[in-house]
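Here the structure is laid out as structure tokens; the discussion comes afterwards.
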Amino acid sequence: MANLLAGKVGIISGALNEESIAWKVALKAHAEGARFVLTNAPLAMRMGEINKLSEQCNAPIIPADATSMEDLEKLFSGAQEQLGGKLDFVLHSIGMSANIRKGKHYGELNYEWYQKTLDVSALSFHKMLAVAEKQDAFNEWGSVVALSYIAAQRAFLDYTDMSQAKAVLESIARSYGQRLGKLKKVRVNTISQSPTKTTAGTGISGFDAFYEYANRLSPLGNAPAEACADYCVSLFSDLTRYVTMQNLMHDGGFSTTGISEEIVELITKANS
């Protein structure tokens, strides 16, 4: 291992089980020499296997509801206490839509659930960064990464209110990236990942069909979760010190491909 993150400390949120991108980020960061605190909402922790990951990475756990300023204040102060100093990196891997879980189409959204989607999936990112700023929790040249999706820019069936949540998330990254860059040289980016077979991803109606479509359209195929973890680690490292306020596409070329030979063949066969 190159020990890209030797001596660096941080917070990794959102690891539910071995399918989670955040889980794989934690394993990669640990292998590259980082120390970190794991966090997730209490309900998610009861549903998941975070204790197993904690043992594998020798990482303490601080439960936190990412919509609660009080919980986030305890998370950031507790992480600095546990890790012995200010933070070098934070991963925001948090998203939830009750409308998607309940199968609500875009024209019949429950607006209370919609507001909850925005609070959990996007405003929590702003709250995290605001708490970190108030506590002066970052070392200079720190790095913050949040996981996004191309539905922030394009319309996708059945992604409903999460599309707006991801758009808000990316906007927060730009605005807070400018602010934290000036204050502490901290960079803030989002990664727009390929459709990935996580617990959250596979809960979306029609996911398998779209996963296959994206895989056939992308010249390199869908980027796996392990590769996304590698990308996150590179953004936490000193190799990317001048990358900030970006939404970085990690999708095998999907976002810039008009049509592929595989899709043409499928359509031709369907029409013949």
Side-chain angles (χ1 to χ4, degrees), residues 8-17 20-23 25-26 29 34-51 53-54 57 59-99 101 110-139 142-148 161-162 164-166 168-173 175-177 179-180 183-184 186 188 190 200 236:
K8 294 190 181 296
V9 299
I11 296 173
I12 294 177
S13 71
L16 181 67
N17 54 38
S20 305
I21 293 175
W23 186 291
V25 172
R35 294 184 299 118
F36 47 84
V37 161
L38 296 168
T39 187
N40 213 330
L43 176 60
M45 289 180 61
R46 290 195 294 272
M47 294 170 56
E49 303 169 346
I50 197 170
N51 289 329
L53 180 63
S54 172
C57 297
I61 301 170
I62 301 178
D65 176 350
T67 67
S68 165
M69 292 296 283
E70 182 180 358
D71 279 13
L72 291 174
E73 286 164 0
K74 291 178 181 177
L75 169 62
F76 276 85
S77 61
Q80 291 173 85
E81 183 179 346
Q82 292 268 8
L83 298 168
K86 295 182 182 182
L87 307 175
D88 299 298
F89 63 88
V90 170
L91 176 72
H92 180 284
S93 180
I94 301 169
M96 185 281 297
S97 169
N99 280 301
R101 289 180 182 176
N110 178 305
Y111 290 110
E112 289 185 5
W113 296 351
Y114 196 161
Q115 289 175 334
K116 189 68 173 176
T117 297
L118 294 173
D119 198 14
V120 172
S121 309
L123 298 186
S124 63
F125 190 39
H126 191 284
K127 291 176 181 179
M128 273 189 171
L129 296 174
V131 167
E133 180 188 341
K134 290 184 177 84
Q135 293 187 9
D136 190 21
F138 286 117
N139 284 315
S143 176
V144 182
V145 175
L147 298 183
S148 189
D161 54 354
M162 279 298 293
Q164 280 76 66
K166 293 301 187 185
V168 172
L169 182 84
E170 292 177 13
S171 180
I172 290 168
S175 296
Y176 236 124
R179 182 174 180 82
L180 288 179
L183 288 171
K184 290 295 292 274
V186 171
V188 184
T190 55
F236 294 157

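All values reported here derive from a predicted model rather than from experimental measurement.
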Check whether any side-chain heavy atom of [X] lies under 4.5 Å from a side-chain heavy atom of [Y], and answer yes or no.
X	Y	value
H126	V168	no
L91	F236	yes
H92	L169	yes
M128	I94	yes
I12	F89	yes
K127	D119	yes

Exercise for the section: For V144 and Y176, run side chain to side chain contact (heavy atoms under 4.5 Å, CB included): C-alpha distance rounded to whole Å, both residues' side-chain angles, the deciding distance at 0.1 Å, then the answer. Expected result: CA-CA 10 Å; V144 182; Y176 236 124; over 6 Å; no
Looking only at atom types and distance, does a side-chain atom of [X] sit under 3.5 Å from a main-chain N or O of [Y], one as donor and one as acceptor?
X	Y	result
D88	G10	no
K86	V9	no
S54	I50	no
S124	T67	no
S13	N40	no

Point-to-point distance, once rounded to the nearest 0.5 Å, from [atom1] of [X] to [atom2] of [Y]:
X	Y	atom1	atom2	answer
L38	L53	CG	CG	5.0 Å
I172	R179	CD1	CZ	13.5 Å
W113	T117	CH2	OG1	10.0 Å
W23	S93	CH2	OG	13.0 Å
D65	E70	CG	CD	10.5 Å
L83	R35	CG	CZ	5.5 Å

Handout entry: side chain to side chain contact (heavy atoms under 4.5 Å, CB included) between F36 and V25, intermediate numbers included
Key = CA-CA 11 Å; F36 47 84; V25 172; over 6 Å; no
Over all atoms of both residues, closest heavy-atom pair of [X] and [Y]:
X	Y	result
A22	G14	CB-C, 3.6 Å
E170	T190	CG-OG1, 3.7 Å
C57	A26	SG-O, 3.8 Å
A165	A122	O-CB, 3.3 Å

For residues 72-81, tabulate all N or O donor-acceptor pairs below 3.5 Å that involve a side-chain atom, not counting sequence neighbours.
from	atom 1	to	atom 2	distance (Å)
S77	OG	E73	O	2.8
S77	OG	K74	O	3.3
Q80	NE2	F76	O	3.0
Q80	NE2	Q135	OE1	3.2

Practice task
Check salt bridge (Lys or Arg N to Asp or Glu O under 4.0 Å) between K116 and all other residues, then give those that pass, not counting sequence neighbours.
Solution key: none
Exercise for the section: Take E133 and K184 through the test side chain to side chain contact (heavy atoms under 4.5 Å, CB included) and record every step on the way to the result. Expected result: CA-CA 9 Å; E133 180 188 341; K184 290 295 292 274; over 6 Å; no
Handout entry: side-chain hydrogen bond (donor to acceptor under 3.5 Å, both in side chains) partners for S97, two or more places apart
Key = D161
